[in-house]
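The chain is numbered in sequence order, starting from 1. Only this structure's heavy atoms are used, side chains among them; waters, hydrogens and symmetry mates stay out.
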Amino acid sequence: HPSAGPSWRMSSSGLLPRRRRLLSPRVVAFVVVLGLWSVAVAVFRPQLKSRVEHPARALKSTFVSLVTPHNEEEEEERHHLFPGGAAVLPADKEDGSEPLSVHHLKNGDATLAHEIWRSRWEQRRRHRPPANDLTQGDGASSSRGQQQQQASASTPSSSSAPPNEGSMTCSGRRVRRSEVIYWKDADQHDRDYLPTIPSRKSPKEEQFLTFEYDAGGWNNIRMGVECMFVLAHYTGRTLVLPPQQSLYLISKEYKRQRQFGLADFLNVTLLASHGGWRTTDMIDFVNTKIPGKGQPDALQGRKLWSFVRSIADGIMPPVGRKFFVFPPAGSDSEELNMERSNDNKQLPLVLGLPPLVGGGDGGSSSSSQEQAMNVKLKARLRSFVNGRQAISYYQDRKLTSARHLHSPGGGEHRILMNFYAFAFFEEPRFQRYYRRFVRDYARYRDEIFCAADVIVRAMRAEDNNGSFYSIHARRNDFQYRQAKISAAEIIANLDGIFPKEKGTLVFLATDDPRGKCVGCMYQRRPCSSYPVPKPKGSGCPDDPSWAAMTNHGWRVKMLSDYLPLVPHLNPNYFGMVDQVVCARADKFAGTFWSTFSGYIHRLRGYYGFPETTNFYHTKGKIRELHNKQRISGGWMREWKAGWTDDDHEGPI
């Protein structure tokens, strides 16, 4: 019937649905071909796989092995290699493949592709952290372990065994095997250690130390904080942490937060776990620790610090070209200012003769061992002074009796120096202990090191030898114009230091990632307003871009190139991650006068890199860090006294 259509048929009973065939010839043919293809794949796949396999085709089997580890070692390795965050398989220029984002199925964590995983595994076996013994039976590692054991034997700890290797927590997982770990898990003695001087009169009530942040950037703040840590711990004072506030250059909004405090950057939870450490926050201090003194309407800004200064019982003396000196255990602090001198005048310890170990006047009653120790003490003191004056804390009754001591942190009270040059301890064991204390307890939060670990491993995977070099170039608001130079000048200044081979991998940490020198000023005018050539000595590079480095043949990478690997990283951590990544490079070239570069230098010391791998790209200062001097005051650079022992220059 014309109206029946293709799906219907006519019968004697009327219009009925048309019968359908169960299997059409096309379906049968498809099933046969599919079966033959499956047989072919099963037979020939091993041979094909052994010849060539694009990384993307290996993902499935790799992920299965990663998600379902077969033993505890594989489980630890999986979490170490892939601590979390997005990951990207870089584009392959040779085969034209595009960047590939990959995610495995467990807990939504992101991993890298099989080729990067395999490359990292091989690179980690070839590149062991020079200061972190991760293997057993290796000659170099055994030597480092012996050095650490010798160093720890002369510390306050009574244990002769070296301290445990450090660890960090990444994505809820404890990680021990990482080249970014430099700290140690302190032994029981170091964890509970609180220096005690028998003659020190214990205060009847709790004493406090409050302090204001430096007005500069984070690394200026960090330097002052480290000094306060040492002073508070040694004197037994409770350190009052400043409240969260807007900090210079690190106040980018993160999770609706623009004000930050120490707990946002330093591992204060670890610090609080120290048995000899006492701390409290500003609100608790004002409300409960000093009753009857009233409280401000708002604990913020200048109003807060004006209030804190007004209720303080004592103010820290200016320490610009000075340092604190602390007596040996068992000495009488009242006699420290009456040391023997040729004219028998009352002189500060640092200007007179150091006290003899064991007392006496150095005559026949002193043993040869004591005399030898005094020779070392004098040598250590001369190296430490460097034209500065001493402040003897236990001689100043205003300091020792003040229940609430305050450090204003600005003007002449600004504390801008390295912590190991801030206080001189007559007993070397105390000097060594506080170097370990700052190294192990005053360190960045684990999130920062975890992110740096991901980036360092990704960079090592990009180079056939697992090598890379690093540069820190400070520009923008930096006040030292002679340090703000072009990429071409940096290359020229590093000639013969960094490799000339094409493709050398260079990590660039800079506050001017776009190469525009936007914040660079000369005579209150932006550098961009001056024609080329720019005025000499203006700090305005003729070409502020970084193109010269690429044209030179370097493969230049910045933190922004690796942010897809750590997508949830707090933007205020970017500079700190930069520092850790730079610290792991084969060689490093920093900016002179920069405390940012200075801290990278110290981190490299913690990691065990020799001074000969550290440089400045600032003209006239290129090999400044190769100076044999161990210590000095000031802030412009770090010194190896911060991470080595004064006696044998080995690890602390």
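- Between the side chains of Ser246 and Arg258, no donor-acceptor pair is found at a separation under 3.5 Å.
- Side-chain rings of Phe260 and Tyr254 stay apart, their centers remaining 6.0 Å or farther from each other.
- Minimum heavy-atom separation, Leu266 to Ala442: CD2-O, 4.4 Å.
- Asp264 and Gln244 are linked by a side-chain donor-acceptor pair at a separation below 3.5 angstrom, with hydrogens and angles left out of the test.
- Seen from the ring of Trp546, Arg475 counts as a face-on cation partner, given the 6.0 Å and 45° thresholds.
- Look at Arg474 and Asp477 and you find a salt bridge, because one of the NZ, NE, NH1 or NH2 atoms lies within 4.0 Å of a carboxylate O, short of that distance.
- Side-chain N or O atoms of Ser597 include one that pairs as donor or acceptor with a backbone N or O of Thr591 at under 3.5 Å.
- Enclosure of atom CE in Met636 is not indicated, since only 12 or fewer non-hydrogen atoms of other residues, nucleotides or ligands lie within 6.0 angstrom.
- Between Lys640 and Glu611 there is no salt bridge, since no side-chain nitrogen of the basic residue lies less than 4.0 Å from a carboxylate oxygen of the acidic one.
- Taking every heavy atom of both residues into account, Val577 and Leu569 meet most closely at CG2-CD2, 3.9 Å.
- A salt bridge links Glu462 to Lys557: one of the charged nitrogens lies within less than 4.0 Å of a carboxylate oxygen.
- The side chain to side chain donor-acceptor pair (under 3.5 Å) pairs that include a residue from residues 219-231 are Asn219-Arg222, Asn219-Gln579, Asn220-Thr595, Arg222-Glu226, Glu226-Arg602, where partners are two or more places apart or lie in different chains.
- Outside the 6.0 Å centre-distance limit, the rings of Phe507 and Phe468 are not counted as a close aromatic pair.
- A ring-ring contact (aromatic ring centres under 6.0 Å, His included) with Trp218 is found for exactly one of Tyr599, Phe265, Phe596, namely Phe265.
- Between the side chain of Gln259 and the backbone N or O of Gln257 there is no donor-acceptor pair closer than 3.5 Å.
- Side chains of His472 and Thr510: a donor-acceptor N/O pair is absent below 3.5 angstrom, by distance only.
- Taking the six-membered ring for Trp and the full ring otherwise, the centers of Phe229 and Trp277 sit less than 6.0 Å from each other.
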Output, in order, the C-alpha distance, side-chain angles, deciding distance and verdict of side-chain hydrogen bond (donor to acceptor under 3.5 Å, both in side chains) for Glu165 and Tyr182. CA-CA 8 Å; Glu165 299 297 341; Tyr182 61 76; over 6 Å; no
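- The CZ atom of Arg443 lies 8.0 Å from the CD1 atom of Ile181; values are rounded to the nearest 0.5 Å.
- When atom types are taken as modelled, the side chain of Tyr562 and the backbone of Val454 share no donor-acceptor pair closer than 3.5 angstrom.
- In this structure a side-chain-to-backbone donor-acceptor pair under 3.5 Å is missing from Glu179 to Arg457.
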Evaluate Lys587 against Asn614 for side chain to side chain contact (heavy atoms under 4.5 Å, CB included), listing each step before the verdict. CA-CA 6 Å; Lys587 289 183 180 180; Asn614 301 315; over 6 Å; no
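- Judged purely by distance below 3.5 Å, without hydrogens or angles, the side chains of Arg630 and Thr644 pair a donor atom with an acceptor atom.
- The backbone N or O of Thr238 lies less than 3.5 Å from no partner atom in the side chain of Arg278, so there is not a single donor-acceptor pair.
- A centroid separation of less than 6.0 Å is found between the aromatic rings of His233 and Tyr434.
- Counted by atom type alone, Arg174 and Thr169 present zero donor-acceptor pairs between their side chains at under 3.5 Å.
- At distances below 3.5 Å, at least one donor-acceptor pair connects side-chain atoms of Thr618 with backbone N or O atoms of Phe592.
- Taking both residues in full, the closest heavy atoms of Val180 and Ala452 are given as CG1-C, 4.2 Å, listed atom of the first, atom of the second, then distance.
- Here the shortest heavy-atom pairing between Ile471 and Cys582 reads O-SG, 4.2 Å.
- Nearest heavy-atom pair across Ser273 and Tyr441 is OG-CE2, 4.2 Å.
- Closest of all the heavy-atom pairs between Leu416 and Trp635 is O-CB, 3.5 Å.
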Test side chain to side chain contact (heavy atoms under 4.5 Å, CB included) on Ile491 and Met549 and set out the steps. CA-CA 7 Å; Ile491 293 171; Met549 292 185 178; 4.1 Å; yes
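- A salt bridge links Asp463 with Arg555: at least one charged nitrogen is closer than 4.0 Å to a carboxylate oxygen.
- The aromatic ring centroids of Phe615 and His626 lie less than 6.0 Å from each other.
- Scored by the side-chain hydrogen bond (donor to acceptor under 3.5 Å, both in side chains) test, Thr279 finds no partners at all (sequence neighbours excluded).
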Assess the residue pair Tyr469 and Thr504 against the criterion (side chain to side chain contact (heavy atoms under 4.5 Å, CB included)); give the C-alpha distance rounded to whole Å, side-chain angles, the decisive distance to 0.1 Å, and a yes or no. CA-CA 8 Å; Tyr469 299 79; Thr504 296; 3.7 Å; yes
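- Atom CG of residue Leu494 and atom NE2 of residue His617 lie 7.5 Å apart, to the nearest 0.5 angstrom.
- A donor-acceptor pair is defined here as one N or O able to donate and one able to accept, closer than 3.5 Å; no such pair exists between the side chain of Arg435 and the backbone of Phe430.
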Checking Asn418 against Arg637 for the side chain to side chain contact (heavy atoms under 4.5 Å, CB included) test, could you report, in this order, the C-alpha distance in whole Å, the side-chain angles of both residues, the deciding distance, and whether it holds? CA-CA 9 Å; Asn418 298 306; Arg637 54 158 293 182; over 6 Å; no
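- Judged by distance alone, with hydrogens and angles left aside, the side-chain atoms of His552 form no donor-acceptor pair with the main-chain N or O of Trp554 at under 3.5 Å.
- With salt bridges taken as basic N to acidic carboxylate O contacts below 4.0 Å, one links Arg176 and Asp185.
- Of the residues listed (Tyr444, Phe449, Phe437), the one engaging Trp183 in a ring-ring contact (aromatic ring centres under 6.0 Å, His included) is Phe449, and it is the only one.
- For Arg173 and Asp446, the salt-bridge test fails: no basic side-chain N is under 4.0 Å from an acidic carboxylate O.
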